[in-house]
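The structure appears right after this line, and notes come after that.
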Amino acid sequence: MSDDRRREHLALERRLRSILRTIVNQGEVLTESHELELEADIIGRVVDSIGAEGMSWQSHELIEQLQACCLQSGDSQWECYFDDLLSWPLEDGVSDYSMQRAASRVAQLGGPRALEASVANAFLRYRWPSNDSLVPSVPFRFLHRRIEVESIFGRIESVDQIGDRVLREVEWVTGSVVVSGAFDGIQHLPEQVVQERWIRLRSRIRGFIEALQQPPEVVWEIAAIPRPEAGQLFPDPQQLDRQQRFIRRCFEELQPVPLRITVPLPIPPSTRQLLSRCLRTKVSARISWDQKPDLPIVAGRLQRLPSQGILAICQRMMAFDRIVSDGLAPCWQGDWTRARQQFRPLWIASEKTIPPLCVDYLHRNSEELHPFPVIAIETFSVEKCKKDAEKLLQKISRRRGGGWDRFEELLRGAAISPRLLAPATDRA
């Protein structure tokens, strides 16, 4: 065997050993001689079966191979460990205990994708209340995420660090990840360097996203007007021109990335001209008010809310709490903890989807509910403003201008914060 081939086999053996010990011994080193022999036998069988190409396999695929070889070995005790991981009791609904077990396994194996195919998709997805309409359907990922990063136009190391941060985030999200702050300070570097760094970062993220199944959308946020320098009331005209040229180039690329442009209100005439040009490109511009950023985490958006759906939300909250408390230290831990401490909404529901029965359920004392905020209700007027703003942008793009005053009104209406339902600690 060549040295390269041997190194590949050793890397696969280390990965298999880590997964196997996580399943049978909570990640601790095995000490009994018969356990070490059994471990070596099972890992040897898997390596012989799949070869070094197994390094590219996902964790749940390797878990299935380990389970098959464990069954061949005839050790009944280790078979029980795999049964406990992969086989779930058939009971009505998802129990809190089952949810906590699954969340603990996610923490032990390092992320949500390692278990979703073998456990969540095989059990939890089908045992979840069929009418809760929660998004995402997978229980250990969020719907939307907004992160703030340093500028790629500052330190040269920032490009790699931001790339690593975004790649860690997308694993926990199904809908979209909005990246804010990456384009601050464009004026501090020559345009050629600006373009080189952006291409480098964009290419790295795109390659990773394309390798995922059903990946979230990565949206890059940029201000239409740069911040004025210290001691100035308005941005330098040259800086403004450079930033707008960068925005136009982003939309004119062969493979444009989703870009979100934040604007002040009222929108200056020069910015209206820029937006009009961007609206006529392959990927329509997303425009938002710079005074109303997104929530750092939106775990789900509810379309209907029966009482079973509320219980499902409570279980998801417990699952995310368990992932944090079990020591995984996920990238979203800080924002999650702050949201819980500051009573920020984590689930959003439309005003018209909350029947009176559910409001009564939320506001009465119940041992099944826990002292944390669960849902914020978005008023019907906000929902209508968002839809009307999208329609108006399409009209503006077709008629090349006009309608901006009305669009500003809709942006203000869409920025009204959702009303948080009273947490359990405030209930009488």
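As the structure is a computational prediction, the values presented were derived from the model and not from experiment.
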So with a 6.0 Å cut-off around [atom1] of [X], is the heavy-atom count from everything else above 12?
| X | atom1 | result |
| --- | --- | --- |
| K384 | NZ | no |
| R419 | CZ | no |
| E157 | CD | yes |

Can you tell me how far the [atom1] atom of [X] sits from the [atom2] atom of [Y], to the nearest 0.5 Å?
| X | Y | atom1 | atom2 | answer |
| --- | --- | --- | --- | --- |
| Q333 | D321 | CD | CG | 10.5 Å |
| R197 | D160 | CZ | CG | 10.5 Å |
| K386 | S381 | NZ | OG | 10.5 Å |
| L36 | D41 | CG | CG | 12.5 Å |
| L143 | R141 | CG | CZ | 12.0 Å |
| I297 | R340 | CD1 | CZ | 11.0 Å |

With a 4.0 Å cut-off, would you call [X] and [Y] a salt bridge?
| X | Y | answer |
| --- | --- | --- |
| E169 | R165 | yes |
| E217 | R286 | yes |
| R204 | D164 | yes |

What's the shortest heavy-atom distance between [X] and [Y], and which atoms?
| X | Y | value |
| --- | --- | --- |
| F153 | G185 | CB-O, 3.6 Å |
| V382 | A414 | CG1-O, 3.7 Å |
| I209 | P216 | CD1-O, 4.2 Å |
| I261 | A224 | CG2-CB, 3.6 Å |
| F183 | I222 | CD1-CB, 3.5 Å |
| E221 | S180 | OE1-OG, 3.0 Å |

Any sub-3.5 Å donor-acceptor pair from [X]'s side-chain atoms to [Y]'s backbone N or O?
| X | Y | value |
| --- | --- | --- |
| R168 | C331 | no |
| Q243 | A223 | yes |
| S276 | R272 | yes |
| T174 | F142 | yes |
| S49 | R45 | no |
| E408 | I267 | yes |

Within the 4.5 Å heavy-atom criterion, are [X] and [Y] side-chain neighbours or not?
| X | Y | value |
| --- | --- | --- |
| D290 | I225 | no |
| R145 | W332 | yes |
| E148 | P293 | no |
| D335 | R338 | yes |
| I205 | V257 | no |
| V170 | P215 | no |
| V218 | R202 | no |
| R406 | K395 | no |

I162 and side-chain contact (heavy atoms from CB on, under 4.5 Å): which partner among I147, L201, L167?
L201
W336 vs F320 aromatic rings, parallel, tilted or perpendicular, using cut-offs 30° and 60°?
perpendicular
Please step through side chain to side chain contact (heavy atoms under 4.5 Å, CB included) for the pair R146 and V298, ending with a clear verdict.
CA-CA 9 Å; R146 183 180 188 271; V298 176; over 6 Å; no
Mind running side chain to side chain contact (heavy atoms under 4.5 Å, CB included) on S417 and K292 for me, showing each step along the way?
CA-CA 9 Å; S417 298; K292 189 63 173 73; 3.5 Å; yes
Begin with the C-alpha distance, continue with both residues' side-chain angles, and end with the deciding distance and a verdict on side chain to side chain contact (heavy atoms under 4.5 Å, CB included) for Q244 and Q273.
CA-CA 10 Å; Q244 292 191 351; Q273 295 176 7; over 6 Å; no
Mind running side chain to side chain contact (heavy atoms under 4.5 Å, CB included) on D294 and H144 for me, showing each step along the way?
CA-CA 9 Å; D294 289 343; H144 295 300; over 6 Å; no
I'd like to know whether the aromatic ring centres of W220 and W198 sit less than 6.0 Å apart in this structure.
yes
